[in-house]
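Below is one structure, written out as structure tokens; the observations come after it.
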Amino acid sequence: MKNKIKKIISLFAAVLIFYPAFAQIGIGTMDPQGALDINAKANRKDTMGLVLPGVDKVELDTLNGIAYPSVTTPKSKYITVTVSDPDDPDNIEYYYVPDPTQEGAEAPAGTIVYDIGQELIRVKRSSALGDWSDGLVDKTTVSEEIDYNLFGGQNFKIKKASAGYQFTVAIGGDDEYVYSCGSGRSYRTGKGNTGNSKWGVVIGKKAVDVSAGYRHALAVLEDGTAWVWGSNGNGRTGLGTTSGSTSTPRQILMPEGVKIVAVAAGYYNSFLVTDNGEVYACGSNSYGLNGNGLTSSYQLTPQKITFPDGVKIKKVSASISVAGALADNGDLYTWGRNSYGMTGQGTTSGNTLTPSKILNDVKDFDMGRASLAAKTDNKVYGWGITRGIGLGDSSTPITTPREVSITLDADEIVNAVAVLQCYDDNSYTNSIIVTNKSAYGAGDNTRGYSYYKLGIIDPTDGSTIDSFTSFTKIQNSTIFEGTNFIGASMGRYHTILITEHSNDLYNNLAYGAGRNSYQNLGTGASSIRIFSTIKK
């Protein structure tokens, strides 16, 4: 009995001694707030290894792509930074960041924080400002899943995605519904409002294809119907008008019996591919974009494009002034503006007004001011602006397809390519090649309008690099071993990678990098410098 009483007294004393420390970081509570410093020194106040929270729940703190935990320093050691959007001066954001002029404003290396701003645990890797690890454990995960993403939230599995101008449309990996996120200007997210929004269902039915353009988007449902929303300008929605916007998805009327299987939303145009390999186009006739031989006025409803007899198209890609179509036998056709060698037709003048073949044995392609095509022999060819396709740092155009240099493993297979869809007429270009093992980027990364879309930083010091003159393997903190990259899409501000994995937990995880100010990646910091899993 005496021994039992002694044990109870000892236990009570231990609780009295350690409870204040535990309470400070919320151990055992539903809302832990604080940090543990594994490098705590005896001459410091936090001898128990604690760095106490100094600020209340702050919104995500970011600046120039660096994310700061919101519980590491006293409030007086923060400064407020105002950042305006150069493309949208009215869009002003405020950031709370550590003040580097204040002693102790930055936590020491080895500090472990539970970040209430982002709801995850991270470690301070060095004494450098902002040098925090990516997320180690995400509070929101279930079934003891460890999530290595930089931001809180649940993984959003995506089967297919298309990155547009400040927004994204996708097919969910679980339900295969149509989702969107980002800026709702011109109702391009299809949610009936014009504000910024996170991921949400646009069409609650199974879809087989989606495409995001400049101010409109397209989706194809399992039943072969095509749907559109966003700006009607230039007749790009195919609804018979050039004015106003379509605020929620509306079906595009096609001839009786026509079933759509794929779509492409360009800057001014829409393209619809049928199950028998025909292509319909609508929108502006500028540069011959509708492939009908015209360069003026509009095509207000979808009209068939003429291809050589026997040609069956399976995919179309369209940019601001050029388009292309891939036939089921691997032949690639292009048309539109020849400036900068964009059509690959061997000239930089005039327009190609109807589809003309430039390559054969192609398995995937994407069109922009710099264009790429992956061939069945695992080689990749590019044309257009040189530096956007890993062929140097020149703006000199390549007018016919030329093989690009990329170092691959012996068992590495190129699956898909993506290029910046040239949403405005500037010279900044970049591109992505995805394989069964990794992804590679080339072109502008931070220079001009690039916004970290290549997701590559200097591995020696973590700094950003303006551009890459050859294809360079991406860096990541979240991509799991055994991931098969099956697709990519590059928007005006961001890039999305689509993957497959034999483990269902990681299958159809999507990864994003670039600017996220409009929620065009769904959640997270306003700028994401290396690829991280997309959340909702």
Side-chain angles (χ1 to χ4, degrees), residues 158-172 176-191 201-241 245-254 258-275 278-284 289-291 298-305 313-320 323-325 366-367 418 421 423 487 489 491-492 496 520:
I158 295 176
K159 192 172 184 179
K160 187 167 188 176
S162 180
Y165 189 97
Q166 303 172 350
F167 76 114
T168 306
V169 292
I171 299 175
E176 298 182 20
Y177 290 170
V178 179
Y179 289 79
S180 74
C181 65
S183 170
R185 288 186 180 184
S186 301
Y187 298 99
R188 53 192 159 198
T189 55
K191 297 174 181 176
V201 174
V202 182
I203 303 177
K205 295 182 179 180
K206 286 190 175 182
V208 297
D209 197 22
V210 290
S211 184
Y214 173 50
R215 292 183 177 177
H216 76 299
L218 299 164
V220 182
L221 301 187
E222 196 175 42
D223 62 7
T225 58
W227 297 74
V228 66
W229 58 92
S231 171
N232 296 320
N234 299 287
R236 56 167 70 94
T237 56
L239 299 176
T241 180
S245 297
T246 300
S247 60
T248 56
R250 183 176 167 186
Q251 186 176 346
I252 300 175
L253 297 181
M254 301 297 296
V258 172
K259 183 178 181 181
I260 305 302
V261 295
V263 286
Y267 195 95
Y268 299 119
N269 302 76
S270 292
F271 300 88
L272 303 97
V273 182
T274 71
D275 61 347
E278 295 178 333
V279 179
Y280 287 76
C282 59
S284 172
L289 275 173
N290 285 316
Y298 313 109
Q299 200 158 273
L300 301 184
T301 57
Q303 303 296 319
K304 191 185 301 185
I305 298 177
I313 301 301
K314 63 179 182 179
K315 176 183 177 178
V316 173
S317 173
S319 186
I320 188 172
D366 205 12
M367 301 289 292
Q421 292 295 309
Y423 290 105
S489 182
R492 173 65 161 78
I496 292 180
N520 40 287

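Counting from 1, the numbers follow the sequence of the chain as shown.
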Using 0.5 Å steps for rounding, measure from the [atom1] atom of [X] to the [atom2] atom of [Y].
{"X": "Ile158", "Y": "Glu176", "atom1": "CD1", "atom2": "CD", "value": "13.5 Å"}
{"X": "Tyr187", "Y": "Ser231", "atom1": "OH", "atom2": "OG", "value": "12.0 Å"}
{"X": "Leu218", "Y": "Ile260", "atom1": "CG", "atom2": "CD1", "value": "10.0 Å"}
{"X": "Ile313", "Y": "Leu272", "atom1": "CD1", "atom2": "CG", "value": "14.0 Å"}

* Among Tyr268, Tyr267, Tyr214, which one satisfies side-chain contact (heavy atoms from CB on, under 4.5 Å) with Asn234? ->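 It is Tyr268; the other options fail the test.
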* Only counting residues at least two apart or in another chain, list the ones meeting ring pair (Phe, Tyr, Trp, His ring centres under 6.0 Å) with Tyr280. =>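 Testing Tyr280 for ring pair (Phe, Tyr, Trp, His ring centres under 6.0 Å), a comparison that skips the adjacent residues, returns none.
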Can you name the side chain to side chain contact (heavy atoms under 4.5 Å, CB included) partners of [X], sequence neighbours left out?
{"X": "Ser180", "value": "Val169, Thr189, Lys191, Val202"}
{"X": "Val261", "value": "Val273, Asp275"}
{"X": "Ala207", "value": "Ile171, Val178, Leu221"}
{"X": "Ser317", "value": "Phe365, Asp366, Met367, Gln421"}

* salt bridge (Lys or Arg N to Asp or Glu O under 4.0 Å) contacts touching residues 214-229 (sequence neighbours left out) ->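 For residues 214-229: none.
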* **Qualifying salt bridge (Lys or Arg N to Asp or Glu O under 4.0 Å) pairs, either residue in residues 160-172, two or more places apart** =>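 Of all non-adjacent pairs touching residues 160-172, those that pass salt bridge (Lys or Arg N to Asp or Glu O under 4.0 Å) are Lys160-Asp209.
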With sequence neighbours left out, what residues match [X] under side-chain hydrogen bond (donor to acceptor under 3.5 Å, both in side chains)?
{"X": "Thr246", "value": "Asn232"}
{"X": "Ser211", "value": "none"}
{"X": "Asn290", "value": "Asn269, Asn285"}
{"X": "Ser186", "value": "none"}

* Set of salt bridge (Lys or Arg N to Asp or Glu O under 4.0 Å) partners for Lys304, sequence neighbours left out ->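 Partners of Lys304 by the salt bridge (Lys or Arg N to Asp or Glu O under 4.0 Å) criterion, ordered by chain and then number, come out as Glu278.
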* Asked: Any sub-3.5 Å donor-acceptor pair from Trp229's side-chain atoms to Arg188's backbone N or O?
  ->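 A pair under 3.5 Å: yes.
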